[in-house]
**Q** 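The structure follows.
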Amino acid sequence: MKQDAVSIEKYQHKDVEEKWRDAWEKSSLDTPDLAAANNPFYNLMMFPYPSAEGLHVGNMYAFTGSDIYGRFKRMAGYDVFEPIGLDGFGIHSENFALKIGRHPMDHAKITEKNYYNQLHNIGAMFDWTRTVETYDPDYYRWTQWLFVQMFKHGLCYRGKAEVNWCPGCKTVLADEQVIDNSCERCGKTVEKRQLEQWFFKITAYAEKLLQNSFSLDWAKKVKVAQQAWIGKKEGINITYPVVTDSGEKVSEVTCFTTRPDTNFGATFVVLAPEHPFVGELLGSGDGSSLSKRVTKQVNAVTTAQIHDYIDASLRKTAQERAAEGRKKTGVFTGFYCVNGLNDKKLPLYISDFVLADFGTGAVIGVPGHDKRDYEFAMQFDIDIERVVIAKDGDVSPISRIEQVQEEEGIMVNSGFLNGLPISEAIHRMMDHLEKKGWGKRVTTYHLRDWLISRQRYWGPPIPMIFCEACAQKGQSWFTHRETAEVANENLDSISVSLAEDAFSYPSRQPRSQSEIEQNFIGSPRSHFDDLSIGLLDNSAHWAVGWYPVPESDLPVVLPRIDDYKPGDDGVAPLAKHKDFYNVACPQCGSAARRETDVSDTFLDSSWYFLRYPSVGNYHEGDAGTGAGSVSHFEMSAEGASQREDRTARKMRHATKAPDGSFPWDPQITRRWLPVHMYTGGAEHSVLHLMYSRFVTMALHDWGYIDFDEPFSTFYAHGLVIKDGAKMSKSKGNVVNPDEYIGLYGADALRLYLMFTGPYDQGGDFRDSAMEGMSRWVQKVWRLAIKNISTYHALDSLAPSDSSWHSPVSSATVKKALHRAIKKVGEDIEHRRYNTAIAAMMELVNTIGEEGARLQTPERRSDGGQGVMGLDDIRDFLKMLAPFAPYMTEELFQRMKSTMTNDPALPAGRQTSMSNENGDTKAKTVSQYTFTKSISIHVQPWPVYDPKFLEEETVEIAVQVNGKLRDTIVVKSHLPAMLRKALQAGMSKVQGDVEKEARASERVARHLEGKSVKKVIFIPGKIINFVV
RNA sequence: GCCAAGGUGGCGGAACGGUAUACGCGCAGGUCUCAAAAACCUGUGAGGAUAAUACCUCAUGAGGGUUCGAAUCCCUCUCUUGGCACCA
């Protein structure tokens, strides 16, 4: 039976996946030689934080989209490095460990095993010899090192400030980690607490973060989010004298405004309840004469009212304030400000709609042209004056909120500004105010310093030591910076090693303090005035008694303790452990105390991309155990053995590393960074993606790296949803990838996930559609196997009717193939994976149809058996390889065996396929030597031949008045014919087409009895008669 | 409130000035089979008309506009999803 001559086996994904996973790893397919790579491409994806039991299908979606791109780039000739790791240190992992009542160290051990197992199965080209785990002492040693550098370079300070406290996580949070007044991790409403904490001066880079963002090749929404978060505003601080009822000046108040143009319309001034003047007003000042006079001015009733109001508003939570909506409350102080422009007395109020931490905490009220001011004025019956006439020409008194024009218009009632448009008036007024000495232009930012401390257990201990003895003497690390070279020793040795580097860094020496200072343009939002210059110095009072842990003593190992649960008191768990915190002062040797807070988890991930290519940077003396000779996992035998595996893997690269005194290899780093392509979720716009940029800029300015942006390109993928909702455990719609990989195979799941929709928009997961993709995978398998087998069977079976399995693609198939090659390549480059897959489906459909056409009806099958040449099948498999790495490798390798005797094959390739026995049954890799060079995944991406894209005939749509009436098939006039035609003038071609079009009965019917006014002709596409 | 991205068949989505609904799912009918599954074939936006083909009309959130021609470009509105938010 010809038809059954070759029995078709099903695609056995489990066997195939296991086989190739093993073969790939053994052949080091995915481990590029980083030192030798000529064409490096660092394809990075955000590493997962293993907070739940296992890998989420959302992770797989993200990784697969990134991996397809990496595989494509590799086939396009790049040396692709695609690393993976775990962001397992920090609150997210700890919270989960607490929830299930497991020690975070044990939990990390378990999740590492689970995650790495799962990640092995998704078919990504991860380099498993260079993983990064943020809780590994080999890694956090350098996280602590980074903290120390921040301190030494004046970008880290300790201060008491009002901070966000999460009662759920029982720790402080950075501003970026507070979403709608709630904790980013647990969702509890955050409280404000006064605590002394460590901060990183990210504000020193506010301007650079903003300016660089405009030219970054990043997802637009992320850039916009960062720009909004940095929140640069240019305005002016105007200082007003504060006077009594009788006109006696008692003080001054400075207001920040971006709209001084409307200043002639100012009718009041409002202070935030926290404003310093309020303190003076209530007699809690320093007892100076001013404060006494102020108190005297206010009569008893007013003072009581002010007290009540302040008490009430300070008690209000942010939530309660928000609940009040835009309803304005407030209280009059009894004082006035004087507007120098028109000598008008402006009543001075206190209201909590004014924010203490924005601008100066004082606002000039212009109710005619600011909606909030209008609401306040209405509430307190304050004058409203019009100083702007908008487009609508309304000049009537402003009595409705709709009349409050904020955006545009022409100035009136404004002295020298009359007749000017707003935009111009702003500058004129600023000039005027500065000339008069009443105001000073200022730039403000929304960005605030990065709060680093966490009163938690599961993180890198902050490597700082406080010495009471030194504090008594007013000494700190800064005091000894110049003389005690000990602290700088490490730093110096780096400069030397960089200087000896074969590559030259543009800025290889750490810069001088003044040089660096020049780079800090704006830094207006520090918690303390003495920090606002951007860098800290010896005189910084907060630093007294503080020393960084000497770099040679790093890491400060996180000990295993049993009382690791966070407390409500803001004291970290480590603070209960004398063994941990008792330490000798690195300077004077007296009894001192370690910092017991740990650092923010976002510090762990702020530099991991720098570490990946340099994994294996072991100190010679530490070989085998890792730097510091400590491991979290020493506690159990199982853990220890597992970790050794990991360490052993990483040690493969150890010989290339320098002496381990630096977190990354300068040469490797120069070759591989910045990251060429970074893929991840947009939810980290102002968190990880902002912090990483800041850290990179700082390292650059210290001379440690030669680039100041970490990620050349950032691509934001969409989210996978199910049943129209985000996947979450509470909704019970979480999909576990393992289950689907088990059922359908990794290839089918990868393809399915990418097919659900545009990669940047996410997709909707549905089981039935998943099955559909599984069917397609089987179909491709059958198609390939049948065609491959046909070749093999030719000799022995000698079918009587050989025309239908001729081993040459028909013209139709050839055309379809080359169309697909073009489209798939272009689509992958733009990450349009869904349409790339659709294009391959169309190709398969065409092959099927062609197979059916060439066979007798009763022998139709979907195999398209014998209609595709082997070279063409190979090209198709290569196209599919980034999406379905396992199946395509299996088929590709089977083809090699079939093709051994193919004379069309290049000689060189034949030799690489020795030991073949021609068996078409699945063969194990061990039967011949699989080396990375023969893998499908390193084959060059197929090239399409334009000659196959040219059509002999083309379908042209015929329209009458823009309505489709018919389509006609004409001889192709593109592009060869057209070129000729253009030389001769278009009219000939058009005339021919027009004649044919008119010949159509359907068209003629619509043209009948009408006169054709005009004919629009688009060659190759359309002809339109306008009647 | 502001900023950004979106609204296309029963569903996920194609097309992004030039034949709307590619591709897939689902559904219906058929082939094969003792039967089922698998696989394959055919059909499938809505409405009208016809013995049937042909054919006609209407559909891309709503309404206007530009154009020979608009899902695509412009304006107004509306809804959804993200981000920011009493930011002066």
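Below, chain A is the first sequence line, B the second, and so on; all start at residue 1. Side chains are part of it too, since the values below use all heavy atoms of this structure and drop only hydrogens, waters and symmetry mates.
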**Q** Measure from CZ on A:Phe353 to P on B:rC86 and round the result to the nearest Å.
**A** 12 Å

**Q** With the threshold set at under 4.0 Å for non-hydrogen atoms, list the residues of residues 257-272 of chain A touching RNA chain B in residue-number order.
**A** A:Thr257, A:Thr258, A:Arg259

**Q** Does A:Lys223 make a side-chain N or O approach to OP1 or OP2 of B:rA4 shorter than 4.0 Å?
**A**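 False: A:Lys223 side-chain N/O out of range (4.0 Å or more) of B:rA4 OP1/OP2.
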
**Q** Taking 4.0 Å as the cut-off, does a side-chain nitrogen or oxygen of A:His446 come that near to OP1 or OP2 on B:rA85?
**A**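 Yes, such a contact exists.
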
**Q** Does A:Trp229 have any ring pair (Phe, Tyr, Trp, His ring centres under 6.0 Å) partners at least two apart in sequence or in another chain, and if so, which?
**A** A:His446

**Q** Name the nucleic acid region contacted by A:Gly231, choosing base, sugar-phosphate or nothing; use a 4.0 angstrom heavy-atom cut-off, strictly under.
**A** nothing

**Q** Look at the side-chain N and O atoms of A:Lys220 and state whether any lies under 4.0 Å from the OP1 or OP2 oxygen of B:rA5.
**A** yes

**Q** Across the strands shown, which category fits A:Arg832 at heavy-atom distances under 4.0 angstrom: base, sugar-phosphate, nothing?
**A** nothing

**Q** Which of these nucleotides, B:rA85, B:rG13, B:rA22, is closest to any side-chain atom of A:Ala838?
**A** B:rA22

**Q** Under 4.0 Å: is that the gap between some side-chain N or O of A:Asn845 and OP1 or OP2 of B:rG24?
**A** yes

**Q** What is the distance, to the nearest angstrom, from the CG atom on A:Asp370 to the P atom on B:rA88?
**A** 9 Å

**Q** Determine the contact category for A:Asp373: base if any of its heavy atoms lies under 4.0 Å from a base atom, sugar-phosphate if only primed atoms, P, OP1 or OP2 are that close, otherwise nothing.
**A**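 It contacts nothing in the nucleic acid.
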
**Q** Describe the nucleic acid contact of A:Glu842 in one word from base, sugar-phosphate, nothing, applying a heavy-atom distance below 4.0 Å.
**A**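 Sugar-phosphate: the residue A:Glu842, judged by heavy atoms under 4.0 Å, touches backbone atoms but no base.
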
**Q** Does B:rG24 have OP1 or OP2 sitting under 4.0 Å from an N or O in the side chain of A:Arg775?
**A** no

**Q** Can you tell me the distance, in whole Å, between the CH2 atom of A:Trp776 and the C1' atom of B:rG26?
**A** 20 Å

**Q** Map every base of RNA chain B to its dot-bracket character, where paired means a Watson-Crick or G-U wobble contact with both distances under 3.5 Å and | marks a partner outside the strand.
**A** (((((((..(((.....[..[.)))((((((.......))))))((((......))))].(((((..]....))))))))))))....

**Q** Regarding A:Val363, tell me which of base, sugar-phosphate or nothing describes its non-hydrogen contacts under 4.0 Å with the strands shown.
**A** base

**Q** CZ of A:Phe765 versus P of B:rC11: gap in Å, rounded?
**A**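 Distance check: A:Phe765 CZ to B:rC11 P gives 20 Å.
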
